[in-house]
Every structure is written in C-alpha cells, then in structure tokens.
Amino acid sequence: MKQSWNQSSMKHENKRLVLQQIIAEEPISRADLAKRCGLNKATVSSLVAELMDHSLVKEAGIGESSGGRRPVLLYFSREAGYALGLNVGTGTVEAVLTDLRGTTIAQEHFPSRDKEYEPTITVIEEAVEWAHRVVPPSPHGIIGVGVAVPGMIDHCGTVLNAPNLQWRNRPLKCDLEDKLKLPVMIENEANAGAYREYQTRSDSAESLVYISIGTGIGAGIVLNGSLYRGQSGYAGEIGHMTLDFKGPRCTCGNSGCLELYASEPALVEKAMEAGLEDCKNFDSLMNSAGKGDELALSLFTEAGRALGSGIVSTIHAYDAKHIFIASRGGEWMKNAVRETVRKKALPHYRDDLDLVFLDTPAASLGVSGLVVDEFLKERKGFEKVRE
C-alpha cells in the first residue's frame with residue numbers, strides 16, 4: 001500500500017526529529033530517544049534502522065541498566081561523509097575539509113594567479129582534487145562543495161556582482177557542477193561566516209551580525225535563528241553604507257562608503273599617502289603596527305572609529321546583541337571600535353552588547369556546514385547541528 005502524502009510527511013518529520021535528538025544527546029538509547037521525541041519504541045526502532053541504513057547513525061557501547069537488559073547506545077556517524085568548504089579571495093582559495101560535525105579534517109591554501117573567473121575555476125578544481133586525495137574512506141565520500149564568494153549571489157548560485165573579484169553575472173554553481181560532478185552550494189562570504197558563528201557558539205542568541213573585513217566589508221546577519229538574506233538575497237552590504245556623502249568616490253558609484261575608510265586596501269592607501277613607504281601591502285602594515293609604529297597604529301585607530309560608526313548603524317538597524325568582527329587588523333582597531341560604539345550607540349542598544357573580534361574568517365567552515373545541512377535535509381535530516 002502506498003503511503004499518503006500526510007503519512008510520508010509525518011514520517012520524514014519524525015526521522016528529522018530522531019536524528020536531531022541523537023546528535024544533540026549522543027550517546028542515547030532507543031528507549032530514551034522515544035521519551036525525548038514523544039514517539040513509541042517501535043516507531044523509533046524503525047526510524048533508527050533507516051538512519052543506520054543511510055550510515056548516519058551507528059551503535060557503539062552499552063548503557064546502564066534501569067532494571068532490564070542493558071541498552072545499546074546510539075551515536076551520530078560524523079565520519080559517514082565529508083564536506084569541502086572553499087573561501088575565494090582575491091589572491092587565494094582557502095580549502096577546508098570537514099566531517100559531518102564540522103570538525104576540520106584537512107586544510108590548505110591554493111594561491112590564485114589572478115582574480116579572473118576562469119583561472120579561479122581552475123584553482124577550485126585543484127582544491128577539489130586535493131580533497132579527493134586526502135579524504136578518509138567513508139560511505140558517502142565527499143558529499144558536496146561549498147564556495148564562499150565576497151559578492152552578491154542569487155538563489156540559483158549565480159554571482160551577480162563581486163566587485164573585488166570583478167565578476168558579474170557568473171553562473172558559478174552551474175559551471176562548477178558541470179566540471180566537478182558534485183553538488184555545489186554558493187554563498188556570500190559574510191553569510192557563511194555568520195552561519196559558522198551561529199552554529200558553533202552555544203552562548204550566542206538567535207540573532208547576530210558577522211562583519212568580514214578584507215578587500216571589502218560585508219555582513220552576514222542571523223535573525224531569529226535563520227540567515228537573513230533580504231527580499232532578493234543581497235542583504236548585508238554594509239561596506240557601502242555611506243559615512244560621508246561628501247567623501248571620496250567608491251567603486252560602487254557612491255561617495256564616502258565605509259569600505260573607503262576601514263577595508264584593507266583603504267588602510268594601505270592611507271599608509272602610502274602618509275609616507276609609510278614600507279607599507280605597500282596589508283601584511284607589512286600589520287607588521288609595522290605590531291612593532292609599535294605610531295603612524296601605523298594611528299591609521300588603525302582611525303579605521304576603527306569609522307568601523308565603529310558603521311557598527312552603530314548596524315546595531316540600530318538589527319538590534320543584535322552579538323557582533324562578530326573578522327579582521328586581520330582587529331587587534332589594533334578594537335579599542336577604537338568599542339569606544340566609538342560606547343559613545344554613539346543608543347543606551348538600550350549598547351547595553352549587554354557582545355563585540356567579539358576574530359583573528360581569521362570563518363567562511364570556509366561556514367559554507368562547509370551549509371553543505372552538510374543540505375545533505376542531511378535531502379535525507380530528511382535537520383536544520384541546525386551544534387557542536
């Protein structure tokens with residue numbers, strides 16, 4: 001007899017619930033699982049058997065007896081498959097291979113000779129070849145590839161505009177799936193970073209903002225437990241928030257954008273204008289700041305004030321209590337950022353505000369997590385995996 005749509009939907013929802021509970025409370029017995037999920041033992045046993053057939057759940061160990069036979073304990077099979085997360089920058093592609101729990105198995109950087117589209121595709125292919133060489137044996141192998149890009153992405157995985165890469169209307173998802181023969185997910189770099197922080201921080205609320213500072217500045221926003229992409233999917237472009245409408249011209253066509261004051265290229269340009277001839281790139285500027293060079297430190301302080309002003313507007317707009325800032329120069333900007341926020345944010349917004357500075361971006365890990373979620377949802381998995 002065929003199942004009705006309602007019966008099938010209920011079964012899938014129950015399977016999602018069972019898997020979610022196993023991941024949240026492993027190790028767990030079938031009896032305890034039935035209690036937690038509010039299902040009868042026969043139903044739970046049947047659903048667990050299906051999950052084991054998909055290699056997503058395994059038995060390992062014996063629990064304590066409560067009077068009868070000692071129960072067999074269930075675990076989530078984190079090593080059943082692996083996801084590859086890639087973060088595309090202007091000079092490198094960062095690759096991270098993770099298990100289904102988001103634990104890093106291997107990591108590598110692949111220099112990109114230039115930022116043109118086709119050469120970057122070639123570098124991505126090299127990264128996938130590397131992943132195939134290092135991935136451990138598993139039932140599902142590499143389940144998919146996630147690619148984080150600093151730009152505007154539509155729902156079809158097309159890069160509509162990535163100004164710092166100079167990409168426009170590039171069908172990245174389709175092109176990569178044709179070449180790689182693997183499922184591919186394309187996500188905005190800041191969105192991927194926001195997702196990673198939301199997934200892995202048990203102390204974070206259901207809403208947060210993740211700000212990524214590099215060649216440009218972007219924000220990933222989580223509201224009420226979900227990535228907020230906006231009506232068309234382009235939310236978070238705070239780098240083009242106007243700080244001074246009489247300011248210098250931005251590549252976007254507007255004037256006085258935040259990126260012109262706090263991005264890495266902006267700081268390097270200001271260093272050169274100030275006469276710091278040894279600071280021809282951001283690494284050398286950080287090196288000068290690390291040695292205590294007063295002029296370099298003052299440039300970071302000035303950038304921190306600008307960034308702080310942008311953060312104030314972001315806080316007022318989204319009322320998020322958790323702000324994560326991923327910046328290589330955060331060490332020398334954070335005091336100015338915090339002071340600016342303290343002075344300019346309205347009291348009700350700044351009370352209990354959590355400003356966290358991150359040394360490294362989380363985009364590659366975040367997009368890997370999104371690939372895992374998609375894989376599990378296709379198998380009637382669950383929405384959120386917490387470590």
Side-chain angles (χ1 to χ4, degrees), residues 84-96 109-128 145-180 184-196 210-221 227-241 249-254 257-260 262-266 268 282 310 326-328 361-368 370-371:
L84 178 62
L86 305 175
N87 185 17
V88 177
T90 55
T92 186
V93 173
E94 179 189 56
V96 176
H109 287 80
F110 295 86
S112 51
R113 289 167 289 281
D114 56 53
K115 55 190 177 184
E116 294 295 323
Y117 183 71
E118 292 299 337
T120 302
I121 293 283
T122 300
V123 176
I124 290 175
E125 289 182 280
E126 293 172 4
V128 174
V145 179
V147 184
V149 177
M152 299 169 64
I153 317 295
D154 72 8
H155 300 297
C156 298
T158 297
V159 181
L160 299 178
N161 187 17
N164 296 315
L165 296 174
Q166 299 179 358
W167 295 0
R168 284 184 179 272
N169 299 316
R170 296 293 191 170
L172 186 58
K173 176 180 170 67
C174 291
D175 288 346
L176 287 178
E177 287 186 335
D178 284 345
K179 291 178 178 292
L180 304 179
V184 174
M185 174 177 288
I186 312 298
E187 184 55 89
N188 170 270
E189 176 261 344
N191 281 350
Y195 183 80
R196 174 65 179 181
Y210 172 97
I211 298 173
S212 174
I213 302 173
T215 306
I217 299 176
I221 303 158
L227 272 174
Y228 177 72
R229 294 182 170 88
Q231 180 175 335
S232 302
Y234 316 140
E237 289 294 331
I238 68 167
H240 299 289
M241 176 190 299
R249 191 79 165 173
C250 182
T251 55
C252 73
N254 291 325
C257 293
L258 176 59
E259 283 189 3
L260 300 175
S263 67
E264 291 184 4
V268 172
F282 196 72
S327 170
R328 295 194 295 159
S364 53
L365 289 168
V367 80
S368 170
L370 287 166
V371 168

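- Put simply, CD1 on Ile217 and CD1 on Ile238 are 7.0 Å apart, with the number rounded to the nearest 0.5 Å.
- Listed by chain and residue number, Asn191, Ala192, Leu227, Arg229, Val367, Leu370 satisfy the side chain to side chain contact (heavy atoms under 4.5 Å, CB included) test with Glu187 (two or more places apart in sequence, or in another chain).
- Put simply, the side chain of Ser364 never gets that close to the backbone of Leu86: no donor and acceptor are under 3.5 Å apart.
- For the pair Val371/Val145, no side-chain contact is recorded, criterion being any heavy-atom separation below 4.5 Å from C-beta on.
- Partners of Asp175 by side chain to side chain donor-acceptor pair (under 3.5 Å), not counting sequence neighbours, listed by chain and number: Tyr117.
- Atom CD of Glu125 is separated from atom CG of Leu176 by 8.0 Å, given to the nearest 0.5 angstrom.
- Contact detail for Ser263 and Thr215: the closest heavy-atom pair is CB-O, 3.7 Å.
- Here the shortest heavy-atom pairing between Ala95 and Leu84 reads CB-CD1, 4.3 Å.
- Across every non-hydrogen atom of Ser212 and Glu189, the tightest pair is OG-OE2, 2.5 Å.
- Scanning all heavy atoms of the two residues, the minimum distance from Gly214 to Pro265 falls at O-CD, 3.5 Å.
- The structure places CG of Asn87 at 8.5 Å from OG1 of Thr92, a figure rounded to the nearest 0.5 Å.
- Rounded to the nearest 0.5 Å, atoms SG (Cys252) and CG (Leu260) are 7.5 Å apart.
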Might you work through the side-chain contact (heavy atoms from CB on, under 4.5 Å) test for Ser112 and Val123, ending with a clear yes or no?
CA-CA 6 Å; Ser112 51; Val123 176; 4.2 Å; yes
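- When all heavy atoms are compared, the tightest approach of Gly157 to Ile186 is O-CG1, 3.7 Å.
- Looking at heavy atoms from C-beta onward, Leu160 lies in side-chain contact with Asn169 at the 4.5 angstrom threshold.
- Rounding to the nearest 0.5 Å gives a distance of 6.0 Å between CD of Glu259 and CG of Asn164.
- Partners of Lys173 by salt bridge (Lys or Arg N to Asp or Glu O under 4.0 Å), not counting sequence neighbours, listed by chain and number: Glu177.
- Across all their heavy atoms, Trp167 and Glu116 have their closest contact at NE1-C, 3.7 Å.
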What do the steps show when you test Leu165 against Thr90 for side-chain contact (heavy atoms from CB on, under 4.5 Å), and what is the final call?
CA-CA 6 Å; Leu165 296 174; Thr90 55; 4.2 Å; yes
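- Put simply, the side chain of Glu237 reaches to within 4.5 Å of the side chain of Asn188, judged on heavy atoms.
- Contact check for Ile124 versus Val88: side-chain heavy atoms found under the 4.5 Å cut-off.
- For the pair Asn161 (side chain) and Arg168 (backbone), a donor-acceptor distance under 3.5 Å is absent.
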